[in-house]
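As structure tokens, the structure follows; a few thoughts come after it.
Just so it is clear, the structure is predicted and the values come from calculations on it, not from any experiment. When reading the values below, keep in mind they use all heavy atoms of this one structure, side chains included, and skip hydrogens, waters and symmetry mates. Below, chains carry the letters A, B, ... as their sequence lines are ordered, and counting in each starts from 1.
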Amino acid sequence: DTGVSQNPRHKITKRGQNVTFRCDPISEHNRLYWYRQTLGQGPEFLTYFQNEAQLEKSRLLSDRFSAERPKGSFSTLEIQRTEQGDSAMYLCASSPIAGGYNEQFFGPGTRLTVL
Amino acid sequence: GNSVTQMEGPVTLSEEAFLTINCTYTATGYPSLFWYVQYPGEGLQLLLKATKADDKGSNKGFEATYRKETTSFHLEKGSVQVSDSAVYFCALSPLGSWGKLQFGAGTQVVVTP
């Protein structure tokens with residue numbers, strides 16, 4: 001299966017700890033997105049990469065959040081000093097660049113629980 | 001700002017019934033519109049899309065028409081199956097936004113035999 005993969009699938013941590021999530025997009029997809037989804041809500045946009053460049057960050061992405069995409073392949077999302085309000089499903093999606101809109105392919109998500 | 005509003009669920013209906021899920025949006029310019037579906041235990045999948053006014057997206061028996069005058073993109077299916085039980089999300093992508101998506105809250109659909 002060459003879809004978008006995310007690791008870990010589940011993460012339980014204590015408040016104040018740092019966590020890091022990884023996303024491996026579909027190979028050759030230039031665009032990579034991170035979203036956050038809380039229970040009963042739709043996903044909310046966090047940040048966007050085109051190749052290795054982070055081109056947009058949502059105001060939802062506080063200073064405790066940082067994302068990288070070295071070499072334009074996999075991406076990591078780190079949350080420092082986690083808070084209970086960070087508990088959510090973190091989704092990654094990728095798409096190719098071509099004329100017009102391109103379908104975003106979503107990974108299965110990483111569910112974060114902050115105790 | 002941009003927003004998407006869709007009808008609350010759960011929507012429960014019998015197999016072979018007609019399904020409509022309402023979706024309205026606010027946006028500047030002409031966004032692209034989408035329906036995504038999340039089956040139990042699976043990730044989000046694109047169901048259908050429309051990129052300009054009066055376009056009709058269709059897939060797997062589902063249809064939705066981009067209505068600029070009513071800022072709506074209602075999802076319909078004429079005869080649902082148990083396998084259509086899922087959560088359905090309406091979403092928009094603003095013009096010039098790198099393709100980022102803004103989602104509604106989702107509507108859970110439960111189809112009973």
Side-chain angles (χ1 to χ4, degrees), chain A residues 1 3-7 9-10 23-26 29-51 53-61 67 69 88-111, chain B residues 1-11 21 23-25 27 29-52 55 57 59-60 66 73 75 86-108:
Chain A
D1 191 323
V4 178
S5 61
Q6 293 187 245
N7 288 288
R9 295 291 305 276
H10 303 274
C23 170
D24 287 273
I26 295 171
H29 277 192
N30 308 87
R31 294 179 164 176
L32 187 147
Y33 307 82
W34 284 98
Y35 295 86
R36 181 172 66 186
Q37 184 177 19
T38 53
L39 197 62
Q41 299 299 314
E44 297 173 294
F45 170 77
L46 291 178
T47 191
Y48 162 66
F49 289 87
Q50 183 165 306
N51 299 314
Q54 187 176 21
L55 297 185
E56 186 171 351
K57 292 193 293 185
S58 164
R59 284 173 290 181
L60 292 175
L61 216 62
R69 193 183 182 196
M89 178 76 86
Y90 290 84
L91 299 171
C92 176
S94 70
S95 73
I97 291 181
Y101 175 81
N102 291 284
E103 176 181 352
Q104 289 187 30
F105 294 82
F106 282 81
T110 295
R111 181 170 296 283
Chain B
N2 302 316
S3 67
V4 177
T5 303
Q6 58 182 108
M7 61 190 287
E8 291 187 16
V11 174
I21 305 176
C23 172
T24 57
Y25 68 91
Y30 298 88
S32 295
L33 301 174
F34 310 89
W35 279 99
Y36 275 79
V37 59
Q38 189 167 34
Y39 298 104
E42 298 186 17
L44 278 167
Q45 303 173 26
L46 178 65
L47 181 59
L48 54 83
K49 69 178 188 291
T51 57
K52 61 183 187 294
D55 265 3
N59 186 24
K60 299 181 180 181
Y66 189 142
F73 193 55
L75 183 69
V87 181
Y88 293 81
F89 293 92
C90 185
L92 66 81
S93 182
L95 190 65
S97 66
W98 313 109
K100 73 178 180 183
L101 295 166
Q102 185 156 355
F103 288 86
T107 302
Q108 183 180 11

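Note that the CG atom of A:Leu46 and the NZ atom of B:Lys100 stand 11.0 Å from one another [nearest 0.5 Å]. Taken to the nearest 0.5 Å, the CD atom of A:Gln50 stands 5.5 Å off from the CH2 atom of B:Trp98.
Considering only heavy atoms from C-beta on, B:Phe89 comes within 4.5 Å of A:Gln37 through its side chain. Two residues are said to be in side-chain contact when any heavy atoms from C-beta on lie closer than 4.5 Å; A:Tyr35 and B:Leu101 meet this criterion.
Ring pair B:Phe103/A:Phe45: centre-to-centre distance not below 6.0 Å.
Residue B:Gln45: no heavy atom, backbone or side chain, is found under 4.5 Å from chain A. For chain B, the nearby part of A:Glu56 is the side chain; its heavy atoms alone come within less than 4.5 Å.
Atom CD of B:Glu42 sits in a crowded spot, with more than 12 heavy atoms from other residues, nucleotides or ligands closer than 6.0 Å. With a 6.0 Å radius and a threshold of 12 heavy atoms from other residues, nucleotides or ligands, B:Tyr39 has its OH atom above the threshold.
When each of A:Gly40, A:Gly107, A:Pro43, A:Gly42 is scored by its heavy-atom pairs under 4.5 Å with chain B, the top score falls to A:Pro43.
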